[in-house]
Structure formats: C-alpha cells, structure tokens
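These values consider heavy atoms only, across backbone and side chains, with no hydrogens, waters or symmetry-generated copies. Atoms within a ligand are numbered from 1 in the order they appear, just like the ligands themselves. Along the sequence shown, the residues carry numbers beginning at 1. Please read all numbers here as calculations on a predicted model, not as lab measurements.
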Amino acid sequence: MAHQKVLVIDFGGQYNQLIARRVRECGVYCEVEPYTKGLAVAKQEKPVGIIFTGGPNSVYEENAPKIDKEIFELGIPVLGICYGAQVMAHLMGGTVSSATMREYGKTETNFDTSSLMFQGLSENMITWMSHTDYISGLPEGFRASAHTKECPVAAMENPEAKLYAVQFHPEVMHTENGTKMLHNFLYHVCGCVGDWTMGDYAKTAIEDIRAKVGDGKVLLALSGGVDSSVLAALLSKAIGHQLTCVFVDHGLMRKNEGDEVEQAFADWDLNFIRVNAEERFLSKLAGMSDPETKRKTIGEEFIRVFEEEAKKIGAVDFLAQGTIYPDVIESGTGDAAVIKSHHNVGGLPDYVDFKEIIEPLRLLFKDEVRQLGIELGLSDVLVWRQPFPGPGLAIRVIGEITKEKLDILRDADWIFREEIAKAGLDRDIHQYFAVLTSMRSVGVMGDGRTYDYTLALRGVTTTDFMTADFARIPYDLLATISSRIVNEVKNINRVVYDITTKPPSTIEWE
Ligand code: XMP
C-alpha cells in the first residue's frame with residue numbers, strides 16, 4: 001500500500017528530525033532530504049506537501065543553502081519554517097533584512113485565524129523564535145498572517161499558490177498549538193488523510209521483507225535492546241525459521257536479563273542461539289581498568305564470538321541490521337551509515353559470510369520502533385527497555401572487573417530498578433542505574449567497623465541522550481533505596497546519588 005508522503009527539505013536546521021517526527025505523529029508519512037536533492041526528489045516522488053526546515057545561515061550569504069524556484073511551481077503546497085520561510089520570501093521576490101537584535105525564545109504572537117494554518121486557534125499565542133534575519137517585505141501575492149512586536153511577518157501566505165511560511169518553530173513544544181498548526185497545514189492545505197499507522201506499516205514491511213528475502217537465510221545479532229528485538233520480531237513474523245538470531249550473553253548484563261531476553265523469544269518462530277560467553281569475556285577483561293581498553297576488548301571479543309557462531313551456521317544471504325531513521329538522517333547525505341557505531345558490533349560485515357545487508361527499520365524513529373514492537377506483540381519488558389550500553393556492566397564497575405563486583409552491582413541495581421518501578425517513575429526517568437565506584441570507605445554496622453564499597457545511583461531525564469539532567473528522585477524514595485541496598489547487598493556500606501548534568505558529565509561513568 002502506498003502512503004501519502006510529505007517531503008521535509010533540510011536546510012541544516014537543528015530541528016529537522018523533530019519536524020519529521022511531528023508530521024508522523026499527525027499520521028502522515030514523511031521523509032527528510034537535504035536541500036541539494038529536494039527539487040529532484042519532489043519532481044520524482046510527487047509528495048502531497050513539502051516543508052522547508054530552518055537553518056543557521058542568512059539568505060544573503062554567498063554559500064547559503066538555496067533551492068531552485070521551480071519547487072514553488074510544481075503545484076505542491078510548501079510550508080517554510082524559520083530559515084525556510086526566509087528562503088521562500090527571498091526567492092519569491094520579498095525582502096529579508098537583518099535585525100539589530102536577535103529575537104529568541106518564547107514570544108507573544110498575534111495570529112490571523114482566518115488563515116487555514118491557524119484555523120480554530122486563538123488570536124494570541126506564544127511561539128518559539130530563534131532568528132536574527134526577518135522578512136521585512138512581503139513577496140507579491142503574499143499577505144502576513146501573524147506578527148509579533150519585533151517581527152512584522154511572523155507568518156505569511158499565498159493561499160492561491162498554496163505557499164505558507166512561519167518565522168517561528170511550530171515543531172518545538174514551546175510553541176503553543178504548534179502541532180495543531182502543522183496538522184492544519186497537512187490536512188487542510190495538503191489534503192492529507194492520515195494513512196500512516198503502525199498496523200499498516202507492519203503489514204507492508206512484512207510483505208516487503210518476504211519479497212526481498214524469498215527463501216534466503218537471514219542472520220541477526222540480537223542484543224536484547226529495543227531496536228534489535230523489534231527487528232527480530234518483525235523478521236520472525238515475515239520469514240519464521242529462515243531467520244537465525246544470535247544472542248551473545250557476555251555475562252555483563254543486568255540481573256536476570258539474559259534469561260529475560262531468551263524467555264521473551266521462547267514462543268516466537270525463529271532460530272534462537274544464546275551463546276553463554278561470560279567466562280570468556282571475564283578472562284579477557286581480567287586485570288584491565290582503563291575504560292577505553294575495556295570497551296575495545298569487549299567489542300573485539302563480541303565480534304570473535306559472533307564470527308564463530310556465524311561460521312557454524314555457514315553462508316547466509318542477508319545480514320539484518322537495526323539501523324533506525326535518526327542514524328540515516330544524521331549522516332546528512334541521506335546515505336545510511338551501514339552500522340551504528342555505538343552498537344558494539346562494528347565491523348561485523350567483514351567477518352561474516354553474507355551477500356547483502358537488510359535494514360527494515362531504517363525509516364522509523366525510536367518511538368515508532370516501540371509502537372511497531374507493540375503492534376507485533378513483543379513483550380513490554382523488551383519494548384520499554386531503557387538504553388543499555390553495549391559493554392554493559394563492565395563500564396558500570398569502575399576500574400577492574402571481577403565476577404564478585406559484578407554480582408554486587410547486579411543486586412544493588414536490581415533493588416534500585418525495583419523501587420523506581422514500584423514508585424511508578426520508570427517511564428519518567430529515561431535512564432537509571434547503579435554504578436559500583438570501587439572506592440571503599442569506613443562505616444559502622446552493628447557494633448563493628450566496616451570497610452566496604454560506595455555505590456553510586458544515577459538517574460537522568462533527557463530527550464536525546466546528548467544532553468541530560470539528573471532526575472529529581474524524591475528524597476524519601478532515595479532513602480528507601482539506600483536503606484534496602486545497604487541492608488540487602490553485602491559489601492556496600494555507602495550509597496550516593498549523582499547530581500551532575502550532561503555536560504559536563506556523561507550519563508555513564510566510564
Ligand atoms: P554517555 O555516557 O556518553 O551515554 O553520556 C549516552 C548514552 O549512550 C549509552 N552508551 C552506549 N551505548 N554502546 C552503546 O550501545 C556504548 O558503548 C555506550 N556508551 C554509552 C549510554 O547508556 C547513554 O544512554
């Protein structure tokens with residue numbers, strides 16, 4: 001089934017992905033293309049609408065990203081956002097000027113609600129602005145449909161030509177009713193019907209996989225993370241036993257996690273191989289304390305183990321990868337990086353005998369991957385799993401790793417997670433875990449002196465994991481967690497909570 005498609009043309013703005021996500025949240029499929037390819041793609045694919053993103057440039061700069069004016073002559077509705085609005089004004093013969101002061105942040109804005117874009121909304125709303133240049137002269141045929149104190153053209157439109165532009169960012173949550181404005185553009189201007197649902201997507205993806213794979217064999221490295229688990233579920237529905245999943249249990253997972261992953265796939269139609277490689281990894285890591293050395297060792301060993309399993313299976317036709325859309329867009333060119341570098345499987349294709357890579361999730365955002373997992377009936381444990389680093393607990397035991405330390409950490413981390421879940425905070429805190437600092441300090445227990453480990457708890461809220469704030473876990477809850485940990489876990493006599501943001505810290509301690 002072909003979906004209606006909207007084309008988001010990227011002029012280098014920091015919110016390009018957010019725009020695409022908002023469009024999809026409105027039930028409309030969209031793809032992002034760089035401005036250099038925008039016109040060609042629009043002509044070939046005939047999208048129902050086009051959105052220009054913002055960007056850091058000024059339209060008058062020599063190498064400012066531009067697009068051929070022909071884009072406005074295809075009869076396809078266009079919405080320009082921020083720099084995209086200025087590009088439209090400039091190309092259509094209006095004037096863009098540089099203001100002496102930047103307009104930045106939440107801004108009171110006055111709207112003409114007779115515009116299709118602002119239909120049904122209030123006349124005064126807050127928008128999010130971030131610009132120095134502004135549209136000072138309207139192009140012929142356009143009228144202003146919103147203004148602020150500083151900005152005479154906060155929005156403009158030429159409804160006959162189906163051209164619309166907003167100086168502010170409707171995609172960010174600080175703009176009141178921003179998603180409704182995008183919804184208005186999509187449904188009232190572009191004529192979208194909202195045919196992008198995960199149920200439809202799953203059906204189409206399964207048919208596509210069957211057509212592509214035929215009766216070939218597919219190999220997948222399953223980590224138990226959201227992406228690889230959803231991919232396993234999708235492939236299993238599509239091709240059943242033609243799929244082999246190799247799950248390398250490196251012994252660095254959280255408490256019970258290896259069994260949970262195995263259990264979650266017990267009833268699925270696929271070949272599931274679990275490799276218990278704990279001893280192998282621990283003996284490789286013995287005596288190592290430098291974080292980068294530990295990471296590299298684990299990455300390399302992972303490849304060795306996977307390679308050995310792949311050899312046992314023999315030649316396969318396809319290697320499946322859990323690449324998702326943010327990886328595709330981030331590369332900037334529209335060409336996906338073949339393998340996600342932060343997955344500790346980097347370099348796999350060199351070691352495994354296969355003909356082709358398939359990436360069935362490459363058009364989905366993370367939240368869509370989760371929706372797809374739910375649609376396919378994957379267990380909540382896997383669908384809502386918080387991110388977990390490839391090197392696992394090896395980078396949450398500071399310095400040298402031993403089985404004993406890992407077990408202490410696992411028990412403490414388990415209590416932390418259990419209490420957070422009990423308090424109903426497990427989806428509000430985006431990532432939370434315990435770290436065994438390997439530092440010892442003096443304590444007193446009963447009548448005796450102790451000299452035991454200090455455990456650190458880390459909990460963060462974040463949207464993109466590039467920046468993060470520490471989660472404001474209530475003191476009383478921290479008290480319960482701390483008391484349970486020192487009482488129930490041997491060798492811990494002190495618990496601290498990490499109150500640093502990222503930057504300057506990172507989320508993980510190593
Ligand atoms: P940092 O510590 O860099 O972490 O602030 C950002 C996010 O990335 C995760 N992380 C990793 N994920 N392999 C992964 O798959 C890794 O080597 C790795 N290191 C960090 C981390 O858990 C956080 O979500």
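- Taking every non-hydrogen atom of P391 and a distance limit under 4.0 Å, the qualifying atoms of ligand 1 come out as 13 (N), 16 (C), 17 (O).
- For ligand 1, the polar-atom distance check against P387 finds no nitrogen or oxygen pair separated by under 3.5 Å.
- Counting heavy atoms only, E508 comes closest to atom 2 (O) of ligand 1 of the residues H430, E508, Q386.
- Exactly one of F168, Y104, W128 qualifies for a ring pair (Phe, Tyr, Trp, His ring centres under 6.0 Å) with H174. That residue is W128.
- Ligand 1 places these atoms under 4.0 Å from at least one heavy atom of K502: 1 (P), 3 (O), 5 (O), 6 (C).
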Next on the checklist: Checking D426 against W384 for the side-chain contact (heavy atoms from CB on, under 4.5 Å) test, could you report, in this order, the C-alpha distance in whole Å, the side-chain angles of both residues, the deciding distance, and whether it holds?
Outcome noted: CA-CA 9 Å; D426 46 336; W384 292 106; over 6 Å; no
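- Note: an N/O pair closer than 3.5 Å links I507 and ligand 1 by distance alone.
- By the salt bridge (charged side-chain N to carboxylate O under 4.0 Å, His left out) test, E508 is found to be paired with R396, residues two or more places apart in sequence or in another chain being considered.
- With 3.5 Å as the limit, one finds a donor-acceptor pair spanning the side chains of W196 and E368.
- Those atoms of ligand 1 with a heavy atom of R295 less than 4.0 angstrom away are 16 (C), 17 (O), 18 (C), 19 (N).
- In this structure N177 satisfies the side chain to side chain contact (heavy atoms under 4.5 Å, CB included) test together with L121, M125, K180, sequence neighbours excluded.
- Residue-ligand proximity, T506 to ligand 1, at heavy-atom distances under 4.0 Å covers atoms 1 (P), 2 (O), 5 (O).
- Within ligand 1, the atoms closer than 4.0 Å to a non-hydrogen atom of F465 are 6 (C), 24 (O), numbered from 1 in the order shown.
- For R458 and Y432, the positive end is not near the middle of the six-membered ring at less than 6.0 Å and at most 45° from its axis.
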